[in-house]
Visitor: 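Dumping the structure here so I can ask a few things about it.
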Amino acid sequence: MNNFLFVSAENDAIPNCKAGGMGDVVRDVPREIAKRGDRAHVVVPAYCRLHKNAIFKTDLEFSLRGVNYKAELYEVLPKKIIKNITHYVIHHPEITEGGIAHIYHDDPTEPFFNDFIKFMIFSTAVAEAIKIGAFGDLDIVHMHDWHSSAVLFLKTYHPAYKDLKKMRYVYSIHNLAIQGIRPFYDNYASVHNWFNEIPLDHEALKDPRYQDCINLMAVGIRLADAVHTVSPSYKEDVMLPSRPPEFIGGEGLEKDLQQADNEGRLFGILNASNYNNIRTAEKGFLYRNIVKALFGWLQDESKKYKADFLAHTGEKIMEYVGNRPKFIVSSVARLTEQKFYFLKQSPEAFEAILERLKKVDGIFMLLGTGNPDYEEMFREMSYKHKNFVFTNGQSEDLIDSIYLETDLYFMPSLFEPCGISQMLAMRNGNPCLVHHTGGLKDTVAHMKTGFAFDGDSYEEKIQNMLKVFDEALTMWEKDRPKWKRIQTNAKKMRFTWENSVNEYYKDLYLL
């Protein structure tokens with residue numbers, strides 16, 4: 001039996017610990033590993049909330065900033081108990097929750113200031129837990145994004161953690177754009193302040209652009225035994241320099257990724273979706289679930305500032321309860337530059353999409369929260385356009401209904417390491433219209449399982465987005481048999497964790 005440890009900022013196997021797709025991966029991969037008879041431990045920060053009602057396991061004592069620290073390791077009851085998987089959280093009062101999904105901080109004046117502090121404490125506590133054998137004798141430590149890469153820093157440079165070198169370390173990149181860059185010196189949230197006993201190897205740790213800073217995403221890429229991007233096409237993308245907005249590639253770390261590839265350490269393995277024992281929605285409840293979600297949000301104190309808009313959305317949706325639209329385009333995502341850059345940069349293109357939908361008695365339904373500028377733009381669009389329904393919140397029941405009951409799923413991501421939304425939509429027979437980038441290349445085939453647009457320039461991409469959108473609606477209007485074939489093909493597609501974890505074992509874990 002092999003013994004694994006997953007170290008992450010998110011884990012959707014436990015309640016209220018997910019902001020994005022990373023939480024899904026950290027939930028699903030251990031389940032596939034456990035199926036094979038191996039053992040998996042998963043540890044995330046408690047964020048001063050997830051340890052409540054959990055089972056205390058042990059104190060973790062270590063030194064940071066020249067001060068003695070004591071964190072606590074707890075075992076947490078998961079949503080679903082599965083043999084050979086144990087879930088943990090680490091509590092310390094300085095590991096606080098942020099405003100993004102009650103996990104991450106948004107620090108506009110000093111990027112990563114608060115998150116650096118909490119993830120340094122977390123990573124050191126994880127290193128201490130490994131050292132004292134809290135997870136048993138480990139074979140593989142699998143870390144996710146920059147939040148956990150300090151474990152690699154500690155096992156490489158910290159004399160107290162030299163025993164951590166005996167196991168294999170795997171590093172997964174979920175979002176290369178968020179890199180955890182902080183100063184080496186002269187700041188409270190700097191490497192030297194937190195690890196003043198370690199001589200800093202600047203060449204091995206520095207950011208390629210900001211030479212006086214550490215880049216924790218780069219640390220993961222440089223120091224791991226194996227580095228993993230979450231789709232094969234994204235692996236190829238990130239080894240090329242970015243040319244925004246036409247192309248988003250290595251985001252300054254392309255040389256590090258090229259080197260990892262040359263050394264045989266870089267692998268692109270597609271994330272997957274679940275097809276058994278899934279949470280399913282019942283058809284016919286889309287509008288009811290919207291209204292139910294709206295009433296819930298209207299009672300939420302934190303959403304009082306947008307109560308007028310929520311009421312506006314409710315009034316709009318009631319019109320469609322008795323007079324249902326003939327065609328629904330949908331999108332579910334965090335409202336960020338990655339997901340909706342094209343619509344914010346070219347609002348006239350978005351308005352052209354809404355005008356085209358009017359011709360088929362269609363609406364566009366968007367669900368999400370995120371960047372305040374994007375939220376404001378979509379709220380304004382909703383006031384302006386009757387056939388744009390913006391549900392500015394999060395609701396699991398409503399999301400399931402959207403995937404099940406809408407006709408075309410729209411995913412115009414500027415870049416996409418893998419994407420899970422398109423897999424969930426396809427699983428429900430909902431064809432997708434996507435930007436031909438990253439993992440979307442690997443999952444949606446133009447005119448076979450969905451629709452894709454691209455272009456050599458930004459202007460060409462926007463033109464092709466509108467052209468392909470028009471082609472999709474024209475097919476639905478005039479060639480329903482072909483549309484149904486694409487629906488059927490999309491529903492038949494299978495992106496399974498069994499296949500992906502087979503590749504993990506062969507390439508990442510060497511087991």
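We use all heavy atoms of the structure for the numbers below, so side chains are in, but hydrogens, waters and symmetry mates are not. All values reported here derive from a predicted model rather than from experimental measurement.
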Visitor: Would you mind reporting whether M143 and S172 have side-chain heavy atoms less than 4.5 Å apart?
Guide: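 No; the side chains remain at least 4.5 Å from each other.
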Visitor: Measuring only between side-chain heavy atoms, which start at C-beta, is P78 closer than 4.5 Å to I85?
Guide: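 P78 vs I85: side chains apart.
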Visitor: For the residue pair L404 and E282, establish whether any side-chain heavy-atom pair is separated by less than 4.5 Å.
Guide: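 A side-chain contact is absent here, since even the closest heavy-atom pair is not under 4.5 Å.
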Visitor: Any idea which heavy atoms bring P232 and L270 closest together, and the distance?
Guide: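 Answer, listing the atom of P232 first, then L270: CD-N, 3.9 Å.
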Visitor: Just how far is it from atom CG of L176 to atom CG of L257, taken to the nearest 0.5 Å?
Guide: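 Between atom CG of L176 and atom CG of L257 there are 6.0 Å.
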Visitor: For residues 418-437, which residue pairs pass the ring-ring contact (aromatic ring centres under 6.0 Å, His included) check, not counting sequence neighbours?
Guide: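 Matches after skipping sequence neighbours: F342-H435, H435-F453.
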Visitor: Specify whether F378 and Y374 have parallel, tilted or perpendicular ring planes, treating 30° as the upper limit for parallel and 60° as the lower limit for perpendicular.
Guide: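 The rings of F378 and Y374 sit tilted, inter-plane angle from 30° to 60°.
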Visitor: Would you check, one step at a time, whether the test ring pair (Phe, Tyr, Trp, His ring centres under 6.0 Å) holds for F113 with H105?
Guide: CA-CA 9 Å; F113 182 94; H105 278 83; 9.6 Å; no
Visitor: Other residues, nucleotides and ligands only: do more than 12 of their heavy atoms fall within 6.0 Å of NZ on K491?
Guide: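 Atom NZ in K491 is not crowded, with 12 or fewer foreign heavy atoms closer than 6.0 Å.
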Visitor: Restricting to side-chain hydrogen bond (donor to acceptor under 3.5 Å, both in side chains), what partner residues turn up for K478, sequence neighbours left out?
Guide: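 Counting only residues at least two positions away or on another chain, K478 forms no side-chain hydrogen bond (donor to acceptor under 3.5 Å, both in side chains).
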Visitor: Taking side-chain hydrogen bond (donor to acceptor under 3.5 Å, both in side chains) as the definition, give me every residue that meets it alongside E251, ordered by chain and number, with sequence neighbours left out.
Guide: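 Partners of E251 by the side-chain hydrogen bond (donor to acceptor under 3.5 Å, both in side chains) criterion, ordered by chain and then number, come out as S242.
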Visitor: Sort out for me which residue in D407, L408, N430, I402 forms a side-chain contact (heavy atoms from CB on, under 4.5 Å) with I328.
Guide: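 Among D407, L408, N430, I402, the one that satisfies the side-chain contact (heavy atoms from CB on, under 4.5 Å) with I328 is D407.
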Visitor: Under a 4.0 Å N-O cut-off, is there an ion pair linking D373 with K344?
Guide: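 No, no charged N to carboxylate O under 4.0 Å.
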Visitor: Aromatic rings Y504 and W497: how do their planes relate, parallel, tilted or perpendicular, breaks at 30° and 60°?
Guide: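 Perpendicular, since the angle between the ring planes exceeds 60°.
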Visitor: Tell me if a side-chain donor or acceptor on E416 pairs with a main-chain N or O of P412 at a distance below 3.5 Å.
Guide: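 No; judged by distance alone, with no hydrogens or angles, the pair does not exist.
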Visitor: Give a yes or no on this: more than 12 heavy atoms of other residues, nucleotides or ligands lie within 6.0 Å of atom NZ of K492.
Guide: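 Incorrect, the count does not exceed 12.
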Visitor: My understanding is that only residues two or more places apart in sequence, or in another chain, count here; which of them pass salt bridge (Lys or Arg N to Asp or Glu O under 4.0 Å) with D24?
Guide: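 So D24 forms a salt bridge (Lys or Arg N to Asp or Glu O under 4.0 Å) with K18, R27.
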Visitor: Main chain of F495, side chain of N499: is a donor-acceptor contact present, judged purely on distance under 3.5 Å?
Guide: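 Judged by distance alone, no pair lies under 3.5 Å.
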Visitor: Working to the nearest 0.5 angstrom, can you tell me the gap between I290 CD1 and K316 NZ?
Guide: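 That separation rounds to 11.0 Å.
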Visitor: Verify the neighbour count for atom CD of E348: are there more than 12 heavy atoms of other residues, nucleotides or ligands below 6.0 Å?
Guide: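 Buried by this count: over 12 neighbours within 6.0 Å.
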Visitor: Show every donor-acceptor pair shorter than 3.5 Å between a side-chain atom in residues 351-362 and any protein atom, with sequence neighbours excluded, or say none if there are none.
Guide:
from : atom 1 : to   : atom 2 : distance (Å)
E351 : OE2    : K384 : NZ     : 2.8
E351 : OE2    : H385 : NE2    : 2.9
E355 : OE2    : K358 : NZ     : 3.1
R356 : NE     : D470 : OD1    : 2.5
R356 : NH2    : D470 : OD1    : 3.4
R356 : NH2    : T474 : OG1    : 3.2
R356 : NH2    : E477 : OE1    : 2.8
D361 : OD2    : K326 : NZ     : 3.4

Visitor: Suppose we screen for side-chain hydrogen bond (donor to acceptor under 3.5 Å, both in side chains). Which residues come up paired with K482, at least two apart in sequence or across chains?
Guide: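 side-chain hydrogen bond (donor to acceptor under 3.5 Å, both in side chains) list for K482, sorted by chain: empty.
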Visitor: For the residue pair F451 and H446, what are the closest heavy atoms and their distance?
Guide: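 Looks like CA-ND1, 3.5 Å.
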Visitor: How far apart are the C-alpha atoms of N502 and R36, what are their side-chain angles, what is the distance that settles it, and do they pass the side-chain hydrogen bond (donor to acceptor under 3.5 Å, both in side chains) test?
Guide: CA-CA 10 Å; N502 280 341; R36 296 163 193 243; 2.8 Å; yes
Visitor: Treating E75 as the side-chain partner and T86 as the backbone partner, does any N or O pair qualify as donor plus acceptor under 3.5 Å?
Guide: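 The answer is no, because no donor-acceptor pair under 3.5 Å joins these two groups.
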Visitor: Taking only residues two or more places apart in sequence or in another chain, which ones pass side-chain hydrogen bond (donor to acceptor under 3.5 Å, both in side chains) with R49?
Guide: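 side-chain hydrogen bond (donor to acceptor under 3.5 Å, both in side chains) check on R49 returns E97.
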Visitor: So which atom in I33 and which in A40 form the shortest heavy-atom distance, rounded to 0.1 Å?
Guide: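 In this case the closest contact between I33 and A40 is CG2-CB, 4.4 Å.
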Visitor: Are any of the side-chain heavy atoms of H147 and E10 separated by less than 4.5 Å?
Guide: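 No, their side chains stay 4.5 Å or more apart.
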Visitor: Verify whether the ring centers belonging to H228 and F267 lie closer than 6.0 Å.
Guide: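 No - the distance between ring centres of H228 and F267 does not fall below the 6.0 Å cut-off.
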Visitor: Walk me through it: do H102 and N16 pass the test side-chain hydrogen bond (donor to acceptor under 3.5 Å, both in side chains)?
Guide: CA-CA 8 Å; H102 301 286; N16 306 311; over 6 Å; no
Visitor: Looking at every heavy atom in both P325 and I363, which two are closest together, and how far apart are they?
Guide: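 Heavy atoms of P325 and I363 come nearest at CG-CD1, 3.7 Å.
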Visitor: Looking only at non-hydrogen atoms, find the nearest pair between P45 and S8 and report the distance.
Guide: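 Distance-wise, the nearest heavy atoms are CD-O, 3.4 Å.
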Visitor: Name the residue from V434, L366, L343 that meets the side-chain contact (heavy atoms from CB on, under 4.5 Å) definition with F410.
Guide: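 Going through the options one by one, the only one that passes is L343.
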Visitor: Set out, in order, the CA-CA distance, both residues' side-chain angles and the distance that settles side-chain hydrogen bond (donor to acceptor under 3.5 Å, both in side chains) for Y505 and D38, then state yes or no.
Guide: CA-CA 11 Å; Y505 270 70; D38 285 333; 2.7 Å; yes
Visitor: Kindly say whether W146 contributes a backbone atom to a donor-acceptor pair with the side chain of S149 at under 3.5 angstrom?
Guide: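 Yes; at least one donor-acceptor contact below 3.5 Å.
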Visitor: Passes side-chain hydrogen bond (donor to acceptor under 3.5 Å, both in side chains), D145 versus N175? Steps please.
Guide: CA-CA 7 Å; D145 271 356; N175 192 341; over 6 Å; no
Visitor: Suppose we screen for ring pair (Phe, Tyr, Trp, His ring centres under 6.0 Å). Which residues come up paired with H174, at least two apart in sequence or across chains?
Guide: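 Only H144 meet the ring pair (Phe, Tyr, Trp, His ring centres under 6.0 Å) criterion with H174.
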Visitor: Taking only residues two or more places apart in sequence, or in another chain, which ones meet F415 in a ring pair (Phe, Tyr, Trp, His ring centres under 6.0 Å)?
Guide: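 By the ring pair (Phe, Tyr, Trp, His ring centres under 6.0 Å) rule, F415 matches no residue at all.
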Visitor: Check ring pair (Phe, Tyr, Trp, His ring centres under 6.0 Å) between F327 and all other residues, then give those that pass, not counting sequence neighbours.
Guide: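 Ring pair (Phe, Tyr, Trp, His ring centres under 6.0 Å) list for F327, sorted by chain: W476, W483.
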Visitor: For F350, which of F390, F469, F388 qualifies under ring-ring contact (aromatic ring centres under 6.0 Å, His included)?
Guide: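 Considering F390, F469, F388, a ring-ring contact (aromatic ring centres under 6.0 Å, His included) with F350 is found only for F388.
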Visitor: Would you name the heavy atoms of N289 and S401 that are closest together and state the gap between them?
Guide: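 Smallest interatomic distance, heavy atoms only, reads ND2-OG, 2.8 Å.
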Visitor: Please indicate whether K292 has more than 12 foreign heavy atoms, meaning atoms of other residues, nucleotides or ligands, lying under 6.0 Å from its NZ.
Guide: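 Not more than 12 within 6.0 Å, no.
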Visitor: I'd like to check the ring pair (Phe, Tyr, Trp, His ring centres under 6.0 Å) partners of H312; sequence neighbours left out, ordered by chain and number.
Guide: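 Residues passing ring pair (Phe, Tyr, Trp, His ring centres under 6.0 Å) with H312: F309, Y383.
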Visitor: Are T437 and D237 side-chain neighbours, meaning at least one heavy-atom pair lies under 4.5 Å?
Guide: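 A side-chain contact under 4.5 Å exists here.
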Visitor: List the steps, then state whether side-chain contact (heavy atoms from CB on, under 4.5 Å) holds for N271 with S500.
Guide: CA-CA 7 Å; N271 279 349; S500 296; over 6 Å; no
Visitor: Under 3.5 Å, is there a donor-acceptor pair between the side chain of S395 and the main chain of L398?
Guide: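 Side chain of S395 to backbone of L398: a pair is present.
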Visitor: Quick one: does any side-chain atom of Y74 pair with a main-chain N or O of K52 as donor and acceptor, under 3.5 Å?
Guide: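 It does not hold such a pair.
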Visitor: Are the side chains of C432 and M426 in touch, meaning some heavy atoms are under 4.5 Å apart?
Guide: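 Result yes, sub-4.5 Å side-chain heavy-atom pair found.
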Visitor: Can you list every ring-ring contact (aromatic ring centres under 6.0 Å, His included) pair that touches residues 276-302, not counting sequence neighbours?
Guide: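 Residue pairs passing ring-ring contact (aromatic ring centres under 6.0 Å, His included), neighbours aside: none found.
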